[in-house]
Student: 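The structure's right below; bear with me while I get my questions together.
Reckoned from all heavy atoms, side chains included, excluding hydrogens, waters and symmetry mates. Numbers restart at 1 for each chain; the letters A, B, ... are given by sequence-line order, proteins then strands.
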Number of protein chains: 2
Amino acid sequence: MLADMSLRIALLGLLSGAGPASGYDLAKKFEHSLNHVWQAGHTQIYPELVKMAADGLVAVESEGARGRKIYTITPEGTHELRTWLTEHQPSVTVRSEVALQAFLLPLLDRKQAIAVMERIRAGFEARLAVLECQPGHGQALGRYALELGLRQARTSIEWADETLTDLRRA
Amino acid sequence: MLADMSLRIALLGLLSGAGPASGYDLAKKFEHSLNHVWQAGHTQIYPELVKMAADGLVAVESEGARGRKIYTITPEGTHELRTWLTEHQPSVTVRSEVALQAFLLPLLDRKQAIAVMERIRAGFEARLAVLECQPGHGQALGRYALELGLRQARTSIEWADETLTDLRRA
DNA sequence: GACGTCATGTAATCAGTTACATGATTGA
DNA sequence: TCAATCATGTAACTGATTACATGACGTC
């Protein structure tokens, strides 16, 4: 078993939850429903599907028009997915440019710090707007993650507002 | 200018905010104060400092005992840092294993889903405990980011609790 | 002298992004 | 016929992790 399985798991999860799909379809789903959870472009997805097929986790169900290849999850793939979900302790490596800017904010003078915080706030606001427009509130896959994203966005906006108040008062 | 400056910026920020330091010192600071914002080990930091010195952003101030090299930020380094802070629009690429598990949770049956959520909750609780023990509440650098981290951890725990209630009711 | 911490580095590998490349189909 | 979208891929590069390697200094 590989060390970092996240991309495979995300792909297996989509195939399991939303049925057979092509690499192209999966890339679209990454762009839309998965974007606040994990990211991957088609250049990463296509080769990964080939490797996963070689490992027996997925199989090409059929080849449609325009060379479209429909992948299905195999029983081994389903097993791998379940094992990861129930047994893998998720790592908590954070790498956030926003948090980094917040971390370094005290290096700036008051006026500049306020301007940076306002931009950060606007970013969170935009993110919240995107999540609110997202379907999947009632949808099976992704509804819990969406709720978490919404709450974190709202919390972040509150934090930005209070930080701005603090900066303006000082 | 490079595309991804985050590691450089983090190093410049630490040198600017906490004064001259060795690669070893900087690696320690990454482990302690920066860990909830950005991650980097010494194997990434040492070569990066060499490149940054070549680019004139930092300079070796002195060489101490045991081959210890003390780096200082240069005026060009300070300029690069300020420019990034005030002008760079932070990217919002999220890659969270926890959120991925939450996303895929509906694939599991009720009992398993509850067990996974309990583990996720425990993870957030542990994270909160670490952040609460962290100094830097009053400290210059990192206090805003710490406050954001604390709020997000608390929000995540609330989300986990309500999700658990929801799962148990169903 | 042995152990732990301080202190620096390289090499191999893996994950992820950007740029490049090709061709089919659909609709204006 | 032209443009947009569908659909797949490769190659080069950058960022990050893991494993390996070395040696100095302090203290028990």
Student: Going by heavy atoms in the side chains, are B/Leu81 and A/Leu104 under 4.5 Å from each other?
Tutor: yes

Student: Quick one: list whatever passes side chain to side chain donor-acceptor pair (under 3.5 Å) with B/Ser22, sequence neighbours left out.
Tutor: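 In terms of side chain to side chain donor-acceptor pair (under 3.5 Å), with neighbours along the sequence ignored, B/Ser22 is linked to B/Asp25, B/Arg68.
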
Student: Go through residues 9-29 of chain A and report each residue with a non-hydrogen atom lying under 4.0 Å from DNA chain C, sorted by number.
Tutor: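 DNA chain C contact set from residues 9-29 of chain A: none.
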
Student: Between which nucleotides of DNA chain C, 5' to 3', does chain A make heavy-atom contacts below 4.0 Å?
Tutor: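 Endpoints of the contacted stretch of DNA chain C: C/dA15 to C/dT26.
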
Student: Apply side-chain contact (heavy atoms from CB on, under 4.5 Å) to B/Thr163 and list each qualifying residue two or more places apart in sequence or on a separate chain.
Tutor: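 Testing B/Thr163 for side-chain contact (heavy atoms from CB on, under 4.5 Å), a comparison that skips the adjacent residues, returns A/Tyr144, B/Met117, B/Trp159, B/Leu167.
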
Student: Give every residue pair that meets the side chain to side chain donor-acceptor pair (under 3.5 Å) criterion with at least one member in residues 32-56 of chain A, sequence neighbours excluded.
Tutor: A/Arg8-A/Glu48, A/Arg8-A/Asp55

Student: Mind jotting down which residue pairs meet the side chain to side chain donor-acceptor pair (under 3.5 Å) criterion with at least one end in residues 89-110 of chain A? Sequence neighbours excluded, please.
Tutor: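 Sorted result for residues 89-110 of chain A: A/Glu97-B/Ser6, A/Glu97-B/His88, A/Gln101-A/Arg119.
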
Student: Restricting to side-chain contact (heavy atoms from CB on, under 4.5 Å), what partner residues turn up for B/Val60, sequence neighbours left out?
Tutor: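 Scan of B/Val60 (side-chain contact (heavy atoms from CB on, under 4.5 Å), adjacent residues dropped) gives B/Glu63, B/Lys69, B/Tyr71.
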
Student: My understanding is that only residues two or more places apart in sequence, or in another chain, count here; which of them pass salt bridge (charged side-chain N to carboxylate O under 4.0 Å, His left out) with B/Arg151?
Tutor: A/Glu162, B/Glu147

Student: Under the rule for side-chain contact (heavy atoms from CB on, under 4.5 Å), what residues qualify as partners of B/His79, not counting sequence neighbours?
Tutor: B/Thr83

Student: With sequence neighbours excluded, what pairs up with A/Glu118 under the salt bridge (charged side-chain N to carboxylate O under 4.0 Å, His left out) test?
Tutor: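 For A/Glu118, the residues satisfying salt bridge (charged side-chain N to carboxylate O under 4.0 Å, His left out) (neighbours in sequence not counted) are A/Arg168.
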
Student: Tell me, for nucleotides 12-19 of chain D in 5' to 3' order, what letter each nucleotide earns: B for a base near a protein heavy atom under 4.0 Å, S for only sugar-phosphate near one, - for neither?
Tutor: ---SSBBB

Student: Tell me every residue that passes side-chain contact (heavy atoms from CB on, under 4.5 Å) with A/Glu31, counting only those two or more places apart in sequence or in another chain.
Tutor: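 Partners of A/Glu31 under the side-chain contact (heavy atoms from CB on, under 4.5 Å) test: A/Lys28.
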
